[in-house]
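Atoms within a ligand are numbered from 1 in the order they appear, just like the ligands themselves. Sequence positions, counted from 1, serve as the residue numbers for this chain.
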Amino acid sequence: MNRKLNVNVNQLPDNPYLLLTPGPLSTSKKVKAAMLRDWCTWDQDYNQLVQSIRGRLVQMATSHPEAYTSILMQGSGTFCVESVIGSVIPPSGKLLVLTNGAYGKRIAQMAEVLGIYTIVVDAGETKPVNVKQLEDMLKEDTSVTHLAVVHVETTTGMINPIADVAKVSKQYGKTLIVDAMSSFGGVPIDVAELDIDFLISSANKCIQGVPGFGIIIAKKETLYTCKGLARSLSLDLYDQWETMELSNGKWRYTSPTHTVRAFDQALQELEEEGGVTRRFERFTRNQQTLVEGMHKLGFQTLLPEELQSPIITAFLFPDSPVFSFEEFYVRMKEEGFVIYPGKITTAPTFRIGNIGDVHLEDIHRLLQGVENQLFWRTT
Ligand SMILES: *Cc1c(COP(=O)(O)O)cnc(C)c1O
């Protein structure tokens, strides 16, 4: 399986800039090098690799791996969320979506497209999802069968109180779906401890692979009840799982082979770094250093520190008539950094991510790059 490629990764070209975006993000040269070969998809080598990846993902997700399985699904993160939403809620089911940003809203939107009876509990863009209100709703409306929530709302960088949501969900006997797209692999979470039924993430976020497929961690007991429920053929979660399980790592339809190779390397690098705990520490150091430095340069964060995840930070535009994000963006790109526009509707913001193959020295260089601008300061 490990027919190593004879390539000196240091000879690979450097990237023209560092991506400080929440995915696709900066990957290591070894991750990129893993894609320099074509591999066949139907033979044992490849299938064993897929099975190994699936097993390692479950190990990463919980200390009770026997109760869970994992499914890989083609497409970007949204496809995988849609696969879950469209495959696990029976026609008689009712979904409650907790929202506080664009990704929560997207779940509600896909449920609507799929014709699923859905109610939304919105907390606005700068507050955590409201667990008290959730509990009141569940008391009042006993017909809700499924809950969906985003762990880290990448719109703002907010980390939602997932353990509190999970507690209420369990207490009221609901099926819990968590979009952990931008946190899985970078923020410790144990799906069995929280009794999460479906957790969704993607190859190109905290695990630091390249885009092409997503990951669903599923509680077996719940997944087993989902046969035949899918509202889509290609996004049928149960069928994808059954094929992977029964055919020992086979995907239905073309699998993103290069991305899977890169992902295997990315997982290995996550393990070498010391696992999710160490990666969480690196991201946290990056994020704190970023915020301290930006404060010194006169920037304010959108969120208070206690609501802030270590994944991505939203900064308010400086209070200056001559500041323009477009100019700032272009100048920062020339400095070697790609930053991210804001996504909320209530305040002008831009975002800086610090996940990916990004280290403290990069953050220091970034801060120097920002200091070199400050063109909007009037003295
Ligand atoms: C990135 C992301 C997604 C998926 O977005 P894609 O563009 O489809 O990859 C979904 N939810 C959250 C919270 C995300 O950060």
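- With a heavy-atom cut-off of 4.0 Å, H151 does not touch ligand 1 at all.
- Interatomic distance, CD1 of I363 versus CG of L20, reported as 6.0 Å (0.5 Å rounding).
- Near G77, meaning under 4.0 Å from any of its heavy atoms, are these atoms of ligand 1: 4 (C), 6 (P), 8 (O), 9 (O).
- Every atom of ligand 1 with a heavy atom of S182 under 4.0 Å away is listed here by number and element: 15 (O).
- Counting only heavy atoms of the protein, atom 3 (C) of ligand 1 lies nearest to M181 CG, 3.4 Å.
- Within the listing of ligand 1, atoms 5 (O) sit less than 4.0 angstrom from a heavy atom of R106.
- K205 and S182 form no side-chain donor-acceptor contact under 3.5 Å, judged by distance and modelled atom types alone.
- The shortest contact between atom 11 (N) of ligand 1 and any protein heavy atom is with D179 OD2, 2.7 Å.
- Interface of T78 with ligand 1, defined as ligand atoms under 4.0 Å from a residue heavy atom, comprises 4 (C), 5 (O), 6 (P), 8 (O).
- One finds a salt bridge joining R279 and E273 here, because a Lys/Arg side-chain nitrogen approaches an Asp/Glu carboxylate oxygen to under 4.0 Å.
- Taking the ring centroids of F198 and W241, they lie at or beyond the 6.0 Å cut-off.
- Under a 4.0 Å criterion applied to the non-hydrogen atoms of V150, ligand 1 contributes the atoms 13 (C).
- Note: an N/O pair closer than 3.5 Å links T154 and ligand 1 by distance alone.
- Atoms of ligand 1 lying under 4.0 Å from at least one heavy atom of V152, given by number and element, are 13 (C).
- Side-chain atoms of Q368 and N372 form a donor-acceptor pair, as typed in the model, at a separation below 3.5 Å.
- For Y68, there are no ring-ring contact (aromatic ring centres under 6.0 Å, His included) partners at least two apart in sequence or on another chain.
- When only modelled atom types and interatomic distance are considered, E305 and Q288 share no side-chain donor-acceptor pair under 3.5 Å.
- Between F263 and F213, the ring planes are perpendicular. Angles over 60° get that label, and only those under 30° would be called parallel.
- Of all protein heavy atoms, the one lying nearest to atom 14 (C) of ligand 1 is K205 NZ, 2.9 Å.
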